[in-house]
Every structure is written in C-alpha cells, then in structure tokens.
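Computation of the quantities below employed the complete heavy-atom set of this structure, encompassing side-chain atoms and omitting hydrogens, waters and symmetry-equivalent molecules.
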Amino acid sequence: MNSTRHILECRELGRELPSKPRRLLVQDISFSVEPAEVLGVIGPSGSGKSTLLRLTNRLDEPTHGTLLFNGQDYRSIDTAFLRRSIGMVMQRAYLFPGTVAENLAFGPRQQGRSMSSVEVDSLLSEVGLAGYATRDALTLSGGEAQRVAITRALANDPEVLLLDEPTSALDEAARDSVQRLLEGLIRERSLTCIWVTHSLEQARTMADRILVLEAGRIKTIGTPAEVLPNA
C-alpha cells in the first residue's frame with residue numbers, strides 16, 4: 001500500500017501504568033488504516049481493545065510510540081480538533097440532559113458553529129429518528145439513545161469513527177437495527193472506522209480487515225477470511 005494514503009498509522013503504540021510491577025496495557029501496536037476502511041478489533045476481555053481506541057483519539061496518553069493522523073504526529077494536533085476529527089461511539093450512549101437536538105448541536109457549538117433545525121432534522125431522518133428533535137434525550141429507549149449517540153458523533157463530520165462495542169449493551173432487536181444502521185451509514189458516507197467487537201460474526205460481516213489483540217499485543221491482522229476462516 002502507498003503509505004501516503006494512510007489516514008491513521010500507529011507506530012509501536014503502547015501504554016504502561018506506573019505501578020509496581022509495571023503493567024503494560026498495550027505494547028508495540030503498529031498498523032495502518034486506509035480511507036473508507038473498516039478495521040475490526042477483536043480479542044478476549046482485558047486484551048487491550050478499549051485501551052487502543054482511547055489511545056487513538058487521546059482520551060488516554062501513550063507512554064510509548066505514537067499515532068499519525070493524515071501523516072501528522074497526533075501529539076502536535078490540538079486535542080479538541082483531534083477528537084472532533086476522530087469521533088467515538090461508546091458501548092452505552094451517555095447522552096446529555098436536554099433534547100435530542102441539543103445533544104446533536106453540542107459538538108458543532110464547541111467549534112463556534114450552530115446547527116439549523118433543517119440540519120438536525122436531516123441527520124435524524126438519516127438514522128431513522130425523524131421527528132425526534134424535541135424529544136427528551138434521557139427518556140429514549142436503548143436503541144434510540146444509541147442512534148442519537150451515533151448521530152451526535154456524525155454531527156462533527158469526523159474523518160474517522162471509533163466504535164467501542166456499540167451494539168453489545170442492546171437487546172437483540174435493537175442490536176440488529178443499530179448494526180444495520182451503521183452498515184448503511186458506513187457504505188453511504190464512505191466512513192473510515194475502527195470497530196471493537198466481541199462478536200466474531202459481527203467482525204466477519206462488518207470489517208474489511210480484522211486485528212486480533214491478545215495480552216496487549218497484536219496477534220494477527222488480515223482479512224476476515226484469513227483471520228476467521230471457520231467463522
């Protein structure tokens with residue numbers, strides 16, 4: 001691959017906790033992500049999946065190595081700008097008190113940009129929540145709240161979307177619905193994603209490549225057919 005096309009490139013990324021004995025959460029993590037690629041991340045509990053995502057948009061700081069975003073060392077990029085450019089959707093929605101529209105407008109407002117009601121309605125229609133702008137965000141069902149969380153991330157028009165098990169806290173019907181939503185958004189918007197999941201089937205279905213973490217290190221990385229041949 002032509003390295004000038006990498007949108008993200010991890011170079012020996014690692015995070016160590018200052019405990020005795022020392023505790024390495026992730027170490028020697030090196031990989032790249034191309035524009036419009038979905039990279040699935042799988043591995044057992046405690047393997048470093050969520051830590052890797054938190055390092056990717058500097059919710060946590062690396063103690064080793066670095067990450068390049070569009071070819072630039074991300075430590076030289078304003079953190080607020082970086083987090084708008086590399087959006088994140090968590091396992092649970094964590095919406096703010098207030099209306100759905102106020103939740104969507106929060107990120108753009110931090111950039112000095114106001115969202116019009118037309119923009120809000122358009123985004124909500126895109127995720128199947130037409131007419132929800134004035135709804136109280138804290139009264140939504142789990143599936144509805146996660147759709148709003150996804151839409152709130154998209155309101156910043158991120159270049160990369162980090163997905164930390166975004167369907168695992170939902171019931172089966174909501175899980176399938178949100179996965180279909182994400183699948184459609186990824187295709188229609190040509191989104192670049194890093195998708196952490198505990199579901200091998202979800203990884204096989206959604207990812208262009210899969211990275212397997214084990215004890216904080218990359219065990220393997222490749223296409224779904226290479227990594228999960230019998231899934």
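- T167 pairs with exactly one of Q91, Q202, E172 by the side chain to side chain donor-acceptor pair (under 3.5 Å) rule, that one being Q202.
- Taking the ring axis of Y132 as reference, the NZ or CZ atom of R135 stays within 45° of it and closer than 6.0 Å to the ring centre.
- At least one side-chain heavy atom of M88 sits less than 4.5 Å from a side-chain heavy atom of N57.
- Both L82 and V33 belong to a common hydrophobic cluster when Ile, Leu, Val, Met, Phe, Trp and Tyr are linked at side-chain heavy-atom distances under 4.5 angstrom.
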Take R180 and S177 through the test side-chain contact (heavy atoms from CB on, under 4.5 Å) and record every step on the way to the result. CA-CA 5 Å; R180 287 194 302 272; S177 175; 4.0 Å; yes
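- Looking only at side-chain heavy atoms (C-beta outward), I194 and L163 stay at 4.5 Å or farther from each other.
- Taken together through direct or relayed side-chain contacts under 4.5 Å among Ile, Leu, Val, Met, Phe, Trp and Tyr, I150 and L129 form part of one hydrophobic cluster.
- Between the side chains of E165 and W195, not a single donor N or O lies within less than 3.5 Å of an accepting N or O.
- Between V41 and T197, every side-chain heavy-atom pair lies at or beyond the 4.5 Å cut-off.
- Paired with E159 under the rule side chain to side chain contact (heavy atoms under 4.5 Å, CB included), one option of T192, N70, I86, L191 passes, and it is N70.
- Looking only at side-chain heavy atoms (C-beta outward), L59 and R83 come within less than 4.5 Å of each other.
- For R152 and F96, the positive end sits near the middle of the six-membered ring, less than 6.0 Å away and at most 45° from its axis.
- In this structure, A207 and I210 approach most closely via the heavy-atom pair CB-CG1, 3.9 Å.
- Here the closest non-hydrogen pair linking P158 and G87 is CB-N, 3.7 Å.
- Contact of the N156 side chain with the P108 side chain is registered, since non-hydrogen atoms from C-beta on lie closer than 4.5 Å.
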R209 and V227: CA distance, side-chain angles, deciding distance, side-chain contact (heavy atoms from CB on, under 4.5 Å) verdict: CA-CA 8 Å; R209 287 188 301 149; V227 174; over 6 Å; no
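- A side-chain donor-acceptor contact under 3.5 Å links S141 and E144.
- In this structure, N103 CG and L138 CG are separated by 7.5 Å, a value rounded to the nearest 0.5 Å.
- In this structure, F81 CZ and F69 CZ are separated by 6.5 Å, a value rounded to the nearest 0.5 Å.
- Between atom CG of residue L25 and atom CZ of residue R54 there is a gap of 10.5 Å, rounded to the nearest 0.5 Å.
- Within 6.0 Å of CZ on R58 lie more than 12 heavy atoms contributed by other residues, nucleotides or ligands.
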Worked check of side-chain contact (heavy atoms from CB on, under 4.5 Å) between E183 and E188: CA-CA 9 Å; E183 188 171 15; E188 292 161 15; over 6 Å; no
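- With hydrophobic clusters built from ILVMFWY side chains whose heavy atoms lie under 4.5 angstrom apart, L170 does not share a cluster with V196.
- The distance from atom CG of L104 to atom OG1 of T151, rounded to the nearest 0.5 Å, is 6.0 Å.
- Between L13 and the choices V26, T63, L55, the side chain to side chain contact (heavy atoms under 4.5 Å, CB included) rule is met once, by L55.
- Following chains of ILVMFWY side-chain contacts shorter than 4.5 Å, one cannot reach I221 starting from L68, and the two form parts of different hydrophobic clusters.
- Note that CD of Q111 and CZ of F106 are 11.0 Å apart. Values are rounded to the nearest 0.5 Å.
- In this structure, L213 and L211 have side chains that are in contact, with non-hydrogen atoms separated by less than 4.5 Å.
- Between the side chains of H64 and E16, a donor-acceptor pair is found at a separation under 3.5 Å.
- Q146 is listed as a side-chain neighbour of V89, based on a closest heavy-atom distance under 4.5 Å.
- Between the SG atom in C193 and the CG atom in L182 there is a gap of 7.5 Å [rounded to 0.5 Å].
- When all heavy atoms of L228 and L200 are compared, the closest pair comes out as CD1-O, 3.6 Å.
- Residue D28 is tested with K219, R217, R11 for a salt bridge (charged side-chain N to carboxylate O under 4.0 Å, His left out); the sole match is R217.
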Stepwise side-chain contact (heavy atoms from CB on, under 4.5 Å) check, V148 with L140: CA-CA 9 Å; V148 172; L140 302 177; 3.6 Å; yes
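- Contact between L185 and E126 at its shortest, heavy atoms only, is CD2-OE2, 3.4 Å.
- The environment of E61 atom CD is dense: over 12 non-hydrogen atoms of other residues, nucleotides or ligands sit within 6.0 angstrom.
- Within a 6.0 Å sphere centred on CD of E12, other residues, nucleotides and ligands contribute 12 heavy atoms or fewer.
- When all heavy atoms of R189 and L123 are compared, the closest pair comes out as NH2-CD2, 3.4 Å.
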Starting from the C-alpha separation in whole Å, work towards a yes-or-no answer on salt bridge (Lys or Arg N to Asp or Glu O under 4.0 Å) for R204 and E201. CA-CA 5 Å; R204 189 176 68 84; E201 178 59 26; 3.0 Å; yes
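- Side-chain contact between E226 and T223 is present, with at least one heavy-atom pair separated by less than 4.5 Å.
- Looking at every heavy atom in both residues, A133 comes nearest to D121 through CB-OD1, 3.9 Å.
- Counting non-hydrogen atoms of neighbouring residues, nucleotides and ligands closer than 6.0 angstrom, the CZ atom of R23 reaches no more than 12 such neighbours.
- For the residue pair E214 / S47, no side-chain donor-acceptor distance below 3.5 Å is found, with atom types taken as modelled.
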